[in-house]
Amino acid sequence: LSSFSHLDSLSQSVPCFGIAFDIDGVILRGHSPIAGSPQALSQLYHHTGSLKVPYVFLTNGGGVPESKRASELSKQLGVNIQPQQVIHGHSPFKQLVNRFEKELIVAVGKGEPADVMTEYGFKNVVSMDEYASCFDSIDPLAQYKNWRVDSQKSSSKNGISSQRVKAAFIVSDPIDWGRDIQVLCDILRTGGLPGTDIAHQPPLYFANDDIDYQAVFPSERLGMAAFRIALESIFNRIHPKPLEYTSFGKPKPFVFQNAEIVLKDLLPLLVHNLKDAKPENFDNHCFKTLYMIGDNPAIDINGARQAGRPWFSILTRTGVFKGKENHAEHPADLVVDTVEEAVDYILKKEC
Ligand code: G3P
Ligand code: MG
């Protein structure tokens with residue numbers, strides 16, 4: 001590698017560049033790798049299997065703890081991915097632990113939203129499935145739903161229906177929009193005590209604000225912002241004050257600033273001599289270029305552009321973006337067909 005920063009404290013050198021990969025529409029579609037992504041990633045490792053180039057997954061998706069996602073991705077992509085290399089839309093929720101550590105919070109969405117929040121350190125979390133099962137008849141349509149929600153866990157949650165919910169977190173894409181909108185309206189209108197009088201709205205957090213994203217189906221699927229708009233429209237019709245909420249995820253600049261910190265924290269993994277592998281040895285390290293490889297112009301490219309230097313945006317044609325030319329409103333620094341082409345470009349330029 002030619003773009004190296006030689007650190008005084010280290011005999012080894014580490015790259016002056018790093019890569020952030022979007023997942024849906026770049027690395028995977030649904031659960032399947034696409035566009036040569038396993039081959040592209042394998043180029044970022046030495047033959048011994050150790051990491052050669054610092055990289056992270058910077059996705060607005062999620063729903064499982066980062067440790068679990070790292071092992072799922074390792075299996076899907078055939079490389080050894082560390083939990084710290086996975087940044088989900090909901091990863092910044094852990095910064096709210098001090099505020100809600102012991103308070104009752106409700107975690108909404110596909111996968112294991114309560115486990116995600118518990119792993120972050122929240123001590124009193126219930127999933128929406130468990131929470132809804134604590135109230136008789138809270139969902140008048142439940143009897144018509146031919147899928148079964150595992151309510152066994154709720155036996156350990158006695159008395160939850162009389163405890164005040166202090167915040168609701170939309171961790172991942174909600175499955176049962178009808179029930180979730182109903183119960184969230186109940187929580188949010190009553191100050192966290194469904195079935196009681198109108199009171200001040202508790203805080204509401206969304207892991208991302210993606211209107212759509214690329215899954216397996218050829219055209220884009222509705223994302224978390226679509227759910228947010230549905231909830232907000234209904235809430236604002238039935239409640240005197242407009243819905244208050246905070247959304248995380250790309251394209252917010254802090255997500256890219258955090259990714260830069262995480263990429264820097266990976267540098268000790270690239271050093272072979274264990275005694276040199278201390279984070280403080282890289283305090284002065286400065287990335288010359290950080291590449292964001294994404295498929296969504298309004299989210300990935302817009303975010304990298306807003307974050308500014310050292311970010312360089314690469315737009316692929318394997319997901320939300322399918323155009324021939326660059327995107328008009330959010331032009332990328334480079335447009336390629338696939339992630340494999342993007343990684344080839346980066347390694348040619350940097351090595
Ligand atoms: O639900 C996932 C979607 O919002 C986007 O995922 O990997 O394209 O940021 P990604
Ligand atoms: Mg994407």
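Just so you know, ligand 1 is whichever comes first in the structure, and atom 1 is the first atom listed for that ligand. None of these values were measured; they are calculated from a predicted model.
- Within Asp22, the N/O/S atom positioned nearest the Mg ion (ligand 2) carries the name OD2.
- Using cut-offs of 30° and 60° on the angle between ring planes, the pair Phe169 and Tyr205 is parallel.
- Distances below 4.0 Å separate heavy atoms of Asp22 from the following atoms of ligand 1: 7 (O), 8 (O), 9 (O), 10 (P).
- The Mg ion (ligand 2) lies closest to atom OD1 when only the N/O/S atoms of Asp295 are considered.
- When only interatomic distances are considered, the shortest N/O to N/O separation between Tyr213 and ligand 1 does not fall below 3.5 Å.
- Less than 4.0 angstrom separates some heavy atom of Asn208 from each of these atoms of ligand 1: 4 (O).
- Atoms of ligand 1 lying under 4.0 Å from any heavy atom of Thr59, numbered from 1 in the order shown and given with element: 6 (O), 7 (O), 9 (O), 10 (P).
- Of all the N, O or S atoms in Asp24, the one closest to the Mg ion (ligand 2) is O.
- Considering backbone and side-chain atoms alike, Ile23 places an N or O below 3.5 Å from some N or O of ligand 1.
- Ligand 1 places these atoms under 4.0 Å from at least one heavy atom of Asp210: 3 (C), 4 (O), 5 (C).
- Protein heavy atom closest to atom 6 (O) of ligand 1, with residue, atom name and distance, is Asp24 OD2, 3.0 Å.
- On a distance-only criterion, Lys110 and ligand 1 share no N/O pair closer than 3.5 Å.
- Aromatic ring centres of Tyr55 and Phe21: separated by under 6.0 Å.
- Taking the six-membered ring where the residue is Trp, His285 and Phe287 present perpendicular rings, their angle passing 60° and hence far from 30°.
- Residue Lys250 forms a salt bridge (charged side-chain N to carboxylate O under 4.0 Å, His left out) with just one option from Asp295, Asp300, Asp24, and that option is Asp300.
- For atom 1 (O) of ligand 1, the closest non-hydrogen atom of the protein is Asp173 OD2, 3.1 Å.
- Note: Tyr345 and Phe312 have parallel aromatic rings, judged against thresholds of 30 and 60 degrees for the angle between ring planes.
- The closest side-chain heavy-atom distance from Thr246 to Pro203 is not below 4.5 Å.
- At a threshold of 4.5 Å between non-hydrogen side-chain atoms, the residues Arg221 and Asp173 do not count as touching.
- Considering backbone and side-chain atoms alike, Lys250 places an N or O below 3.5 Å from some N or O of ligand 1.
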- [ ] Carefully, step by step, assess His90 and Val116 under the rule side-chain contact (heavy atoms from CB on, under 4.5 Å).
- [x] CA-CA 9 Å; His90 49 70; Val116 168; 3.4 Å; yes
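- By the 4.0 Å N-to-carboxylate-O rule, Lys322 lies close enough to Glu220 to be salt-bridged with it.
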